[in-house]
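Step one of this worksheet: look at the structure below.
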Amino acid sequence: MSALIDPNGRPVDYLRISVTDRCNERCLYCLPEHYSAWLPRADILHDDELLAIVHAAVSLGFKKFRVTGGEPLVRPGVVDFIRDLIATPGVESVQLTTNGTRLPQLAQPLFDAGLRRINISLDAVDGKLYHAITGGDLRPVLEGVKLVKQIGFPSVKLNTVLMRGKNDGEILSLLNFAAEHDAAIRFIELMPVSLTEMLSEKNFLPVQEVFSLLKREDELEPLTEPLGFGPAKYFRLKKRGVTVGLIGALSDLHFCERCNKMRLTCDGKLRPCLGNHLETDLKPALRPAIDEEKLRTLFRSTLAEKPAEHLFRNNYQPHRVMTAIGG
Ligand code: SAM
């Protein structure tokens with residue numbers, strides 16, 4: 001099955017699935033300080049509903065899937081869901097994005113379930129700073145990174161959201177940590193996707209500044225082969241022997257050019273673009289009974305609305321917090 005083509009001529013074959021809006025961390029850039037508007041449990045899609053959506057997506061040409069959240073590893077039964085997702089005929093790639101806090105318990109079960117690709121959010125390697133940014137404990141995350149490497153996950157990437165005045169002093173330590181653990185690291189520009197006061201001009205740190213720092217600190221070799229299916233630009237730091245990705249969500253004017261994604265929120269809203277309010281409710285095709293043909297129709301109509309680019313540069317005001325969308 002060949003991929004669906006969006007109105008801008010881009011093949012779309014990648015679905016990011018948020019399996020929960022709950023999170024056991026409270027990152028500055030992701031959740032407002034006193035956020036408590038968690039979705040009612042009854043609204044969260046069940047495994048069979050998620051798998052029906054995956055089935056419909058595969059039948060339309062989707063091949064790549066990412067499990068995200070909230071924190072996906074706090075969803076009860078998530079390992080079984082990932083096993084079933086991987087076993088779905090036509091699913092070629094399954095990746096997980098996690099804050100890493102539950103990896104000490106779940107890395108081995110995830111590997112045994114067939115997962116091989118994992119992205120771990122890591123905004124600092126200094127414990128105090130990590131806590132100030134995420135509200136969480138760095139130790140299980142570091143343990144989790146070590147463990148996934150020990151177990152032998154072939155693809156491990158670290159994700160760092162850049163915040164001027166918060167973690168810009170950590171960039172070299174993060175690079176050294178990534179090199180030491182033989183993991184790729186990606187630096188992501190802060191996006192206006194969360195209803196938090198973090199998103200000000202003064203906190204924004206463009207990836208170009210990281211690029212300049214890398215050039216001063218190391219020898220850069222651009223990677224011609226893409227690493228993964230996203231918009232990151234990758235370099236190899238020759239001296240450190242580490243791969244670095246730069247995700248210029250706002251500063252890179254070509255960022256959306258090859259966008260191949262749609263997003264599913266944990267309550268069944270299909271979004272054609274992260275930086276746009278458009279969304280389609282898939283629940284009418286799931287409840288009271290699953291109707292796969294209707295799901296396909298809703299996928300096609302949502303894809304037909306996929307914008308050419310996000311609205312982040314146009315004073316975008318999100319309606320939903322990032323934790324409900326899944327990054
Ligand atoms: N809880 C998981 C985690 O921490 O990786 C998965 C969900 S999180 C919303 C997915 C990704 O979105 C993470 O890499 C996170 O750093 C990123 N993210 C969240 N808010 C962001 C923002 N305002 N700008 C850029 N990236 C953001």
Side-chain angles (χ1 to χ4, degrees), residues 16-33 35 38 65-75 78 82 95-103 106 110 117-124 130 133-138 140-141 144-145 148 156-164 166-167 170 174 178 183-201 203-207 210 228 230-232 245-252 255 261 263-266 271 274-275 310-313 316-327:
R16 295 178 66 111
I17 303 174
S18 170
V19 294
T20 177
D21 65 334
R22 314 286 156 124
C23 196
N24 56 351
E25 289 192 335
R26 208 166 248 279
C27 299
L28 288 178
Y29 49 79
C30 198
L31 271 179
E33 214 176 322
Y35 185 77
W38 307 110
F65 296 84
R66 176 177 295 282
V67 178
T68 177
E71 171 46 39
L73 298 186
V74 302
R75 177 175 166 122
V78 70
I82 289 176
Q95 309 185 54
L96 173 74
T97 300
T98 172
N99 62 26
T101 52
R102 303 213 60 213
L103 283 175
L106 293 179
L110 286 165
R117 303 174 67 111
I118 193 156
N119 288 7
I120 303 170
S121 295
L122 186 66
D123 295 327
Y130 181 88
I133 294 172
T134 67
D137 182 1
L138 178 65
V141 184
V145 174
V148 292
V156 179
K157 293 182 197 147
L158 307 175
N159 279 342
T160 302
V161 176
L162 293 166
M163 286 162 286
R164 194 188 295 288
K166 295 279 176 205
N167 64 352
E170 282 283 283
L174 282 158
I185 182 160
R186 293 142 23 117
F187 293 98
I188 307 171
E189 280 177 358
L190 193 59
M191 294 179 243
V193 282
S194 314
L195 310 167
T196 94
E197 59 284 2
M198 215 20 235
L199 305 160
S200 70
E201 294 266 324
N203 293 319
F204 183 72
L205 175 61
V207 286
V210 178
L246 300 180
I247 304 187
L250 270 86
S251 65
D252 178 357
F255 185 72
K261 298 187 193 87
R263 292 178 162 81
L264 178 70
T265 69
C266 60
R271 297 179 63 109
L274 178 62
H310 62 61
L311 297 174
F312 289 152
R313 286 181 285 268
Y316 183 72
Q317 302 295 321
H319 290 165
R320 271 176 181 269
V321 292
M322 181 70 140
T323 184
I325 300 175

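Numbers here are sequence positions counted from 1. A quick note: this is a predicted structure, and the numbers were derived from the prediction, not measured. Whatever order the structure lists them in is the order used to number ligands and atoms, beginning at 1.
Proximity of Glu25 to ligand 1 is not established, as no heavy-atom distance is less than 4.0 Å.
Of all atoms in ligand 1, numbered sequentially from 1 with element shown, those under 4.0 Å from a heavy atom of Thr68 are 6 (C), 7 (C). Under a 4.0 Å criterion applied to the non-hydrogen atoms of Gly70, ligand 1 contributes the atoms 1 (N), 2 (C), 6 (C), 7 (C). Taking every heavy atom of Ser121 and a limit of under 4.0 angstrom, the matching atoms of ligand 1 come to 3 (C), 4 (O), 5 (O), 13 (C), 14 (O), 16 (O).
If you run side chain to side chain contact (heavy atoms under 4.5 Å, CB included) between Leu162 and each of Leu205, Leu246, Ile247, only Leu205 comes through. Residue Asn159 forms a side chain to side chain contact (heavy atoms under 4.5 Å, CB included) with just one option from Ile120, Thr97, Ile185, and that option is Thr97.
Here Asn99 has heavy atoms under 4.0 Å from ligand 1 in both its backbone and its side chain. Looking at Asp123 against ligand 1, nothing comes within 4.0 Å, counting heavy atoms. Counting heavy atoms closer than 4.0 Å to ligand 1, residue Thr97 contributes atoms from both its backbone and its side chain.
No side-chain N or O of Arg263 forms a donor-acceptor pair with one of Ser18 less than 3.5 Å apart. Tyr130 and Asn167 share no side-chain donor-acceptor pair at under 3.5 Å.
The distance criterion of under 3.5 Å between nitrogen or oxygen atoms is met by Met191 with respect to ligand 1. Residue contacts with ligand 1: Glu71 is placed with a nitrogen or oxygen under 3.5 Å of a nitrogen or oxygen of the ligand (distance criterion only). Considering backbone and side-chain atoms alike, Tyr29 places an N or O below 3.5 Å from some N or O of ligand 1.
Scanning for side chain to side chain contact (heavy atoms under 4.5 Å, CB included) contacts around Asn24 gives Glu71, Val74, Asn99, Thr101, Arg102, with sequence neighbours left out. Applying the salt bridge (Lys or Arg N to Asp or Glu O under 4.0 Å) criterion to Arg26, with sequence neighbours excluded, gives no partner residue.
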**OP:** Show your working on side chain to side chain contact (heavy atoms under 4.5 Å, CB included) between Phe204 and Glu189 and close with a plain yes or no.
**Re:** CA-CA 7 Å; Phe204 183 72; Glu189 280 177 358; 3.4 Å; yes
